[in-house]
Amino acid sequence: MMRTGYACLAVGVPGSEMKSCLQKNASETRLLELIGNNLDALEKIILYNIHNHILLFRISSDLIPFGSSLSYTLPWPEVYMEKLSRIGQLIRSSGMRVSMHPGQYTVLNSLSDPVVERAILDLKYHAKVLDSLGLGPEHKLILHLGGAYGNKPAARKRFLINYARLDSFVQRRLVLENDDKIFHIRDVLETASQASIPVVFDNLHNFVNPADKDVTESEWISLCSQTWKPEDGPQKIHYAQQNPLRKSGSHSETILIDPFLEFCNQIRRSDLDIMLEVKDKNVSAIKCSICLSPSRPEIHLLEEEWARYKYNILEHSSSEYLSIRQLFRNKDTCTSLDMYHFVEAALQKPVSTGSAVNAAEHVWGYFKNKASEAEKRRFQKLLQNYQLGSSPLESVKTNLSRLALKYQEDYLLCGYYFHLYKGGIL
DNA sequence: TGACGTCAAGATCCG
DNA sequence: CGGATCTTGACGTCA
């Protein structure tokens, strides 16, 4: 079984936002309040993932604000034991695999002792989250090797020395990933093999920072597979596509389905976990997982997807909108790939004023009978200003988004219209 | 010293 | 007053 997943946050999942605060406002009471909120948010995301058959997910490091410093001694695992065990139960019983990924500022091989000490505490914090959910060692912590400091061999050696200092409850979860600047996949494989650490291959990092251009992605993945022991669970990789408008190594807005499926065909593997690193998060994860599912996806999942995309498509192109509607007329032959081809084609088209107004008016239809006179005037005014070119489309959409929140229009709040592709998908 | 990346909090401005 | 928009924070390395 191939699992495809996404990292940290989900668009169109009301109440799933992580909250934080500035360090200076971080009292114990405030922190515990935020942690309670964040655990509830996490539960909503997990339930959303289960509903959408997404069985791979990275939990945000922001779950416990200042979890490696201020909150480190807070008794959150005890205070929130019930919430934690309920979430852990959902993860285990659904067969979901989760992970965490300390950021680029957790540097275990630093030349500075205080930085190393903080890295160790940070790793302990992350492992503690997974432990508190009652999850086994196949739920991993992903880390980069760290800095080079002008001497890669010495920097790699320092990593191994400091790795040896980690508690076993951290070590058993730790996996190493190749990065886009310093340590390429061969560096990582060589270092990891000396401590039996599993290796995550990241295709975009490898493209930007290759170890050997003659070795294919497929070959690196198969070399990495040897680092995964049975207790580590199935091999994991990271998959990303280049954002064509941004600098080399930047993640794309969305995963284009054809190159993704081509990648999967190339690697010829059916037992791999693929973590997508992409701006639109859950949106791409659902697309990829539906298109990869060996049996025909349940048609209702595809129909729910259509419902979420509907007004984005209308905003870009009425011809694809009609094509997709036509597709659903015959549910026996309607394939997910066909739908996503239309979706991507539409989203790649520029937004014309006419189609944007059309979409906005469709969305306005949810409110026109319950909106106040002031709200009606405000919407008409904003729409008019947009048509005259004196204000941006964004102000119309933010206004509609506010109304959706006020009138609790879940259909709109759970859709993609308010959330996606402010700068286009290409 | 600023760029890098990432998100939301906080601050400020505006009608 | 509420809402929109701008700036800051938190992290460590490296040019």
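Chain letters run A, B, ... following the sequence lines, proteins first, then strands; residues in each count from 1.
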**OP:** Could you verify whether a donor N or O on one side chain and an acceptor N or O on the other, from A:Q171 and A:S168, lie under 3.5 Å apart?
**Re:** no
Original post:
Parallel, tilted or perpendicular: which fits the ring planes of A:H101 and A:H144, with parallel below 30° and perpendicular above 60°?
Top reply: tilted
**OP:** Would you kindly give the CZ-to-C1' distance between A:R378 and B:dC14, to the nearest whole Å?
**Re:** 12 Å
Subject >> A:E375 bridged to A:K370 by N-O distance under 4.0 Å >> reply: no
Original post:
A:Q23 or A:G150: which one's nearest nucleotide on DNA chain C is closer to the 5' end?
Top reply: A:Q23
Original post:
Hey, does A:G103 reach any base, or is it just sugar-phosphate, or nothing, if we go heavy atoms under 4.0 Å?
Top reply: nothing
Original post:
When we call it a touch if two heavy atoms are under 4.0 Å apart, what does A:S112 touch: a base, just sugar-phosphate, or nothing?
Top reply: nothing
Original post:
Among side-chain atoms of A:D280 and A:T254, is any donor-acceptor pair under 3.5 angstrom?
Top reply: yes
Original post:
Are the charged groups of A:R269 and A:D271 less than 4.0 angstrom apart, N to O?
Top reply: yes
**OP:** State yes or no: are the ring centers of A:F57 and A:Y6 separated by less than 6.0 Å?
**Re:** yes
Original post:
Please give, in whole Å, the distance from B:dT6 P to A:D180 CG?
Top reply: 10 Å
**OP:** Round to the nearest Å and state the distance from A:D280 atom CG to B:dC7 atom P.
**Re:** 12 Å
Original post:
Is the cationic atom of A:K128 (NZ for Lys, CZ for Arg) positioned less than 6.0 Å from the six-membered ring centroid of A:Y72 and within 45 degrees of its normal?
Top reply: yes
Original post:
Once the angle between the rings of A:Y417 and A:Y311 is folded into 0 to 90°, is it parallel (under 30°), tilted (30 to 60°) or perpendicular (over 60°)?
Top reply: perpendicular
**OP:** Using the heavy-atom set of chain A and a strict 4.0 Å cut-off, write down the first and last nucleotide of DNA chain C that makes it in, 5' to 3'.
**Re:** C:dG3 to C:dC14
**OP:** For A:E17, answer base if it contacts any base atom (sugar-phosphate contacts may also be present), sugar-phosphate if it contacts only those atoms, and nothing otherwise; contact means non-hydrogen atoms under 4.0 Å.
**Re:** nothing
**OP:** Give one of base, sugar-phosphate or nothing for A:L70, where a contact means two heavy atoms less than 4.0 Å apart.
**Re:** nothing
Original post:
Is the shortest distance from a Lys or Arg side-chain nitrogen in A:R156 or A:E190 to a carboxylate oxygen in the other one below 4.0 Å?
Top reply: yes
Original post:
What bend angle does the helix from B:dT1-C:dA15 to B:dG15-C:dC1 show across its length, from five-pair end axes and to the nearest 10 degrees?
Top reply: 70°
Close N or O pairs between protein and nucleotides 9-11 of chain B (under 3.5 Å):
from: B:dG10; atom 1: OP1; to: A:N25; atom 2: ND2; distance (Å): 2.5

**OP:** Could you tell me whether the side chains of A:H251 and A:Q241 share a donor-acceptor contact shorter than 3.5 Å?
**Re:** no
Original post:
With a non-hydrogen cut-off below 4.0 angstrom, is A:K279 in contact with a base, only sugar-phosphate, or nothing?
Top reply: nothing
Original post:
Would you say A:N52 and A:N282 make side-chain contact, with heavy atoms under 4.5 Å?
Top reply: no
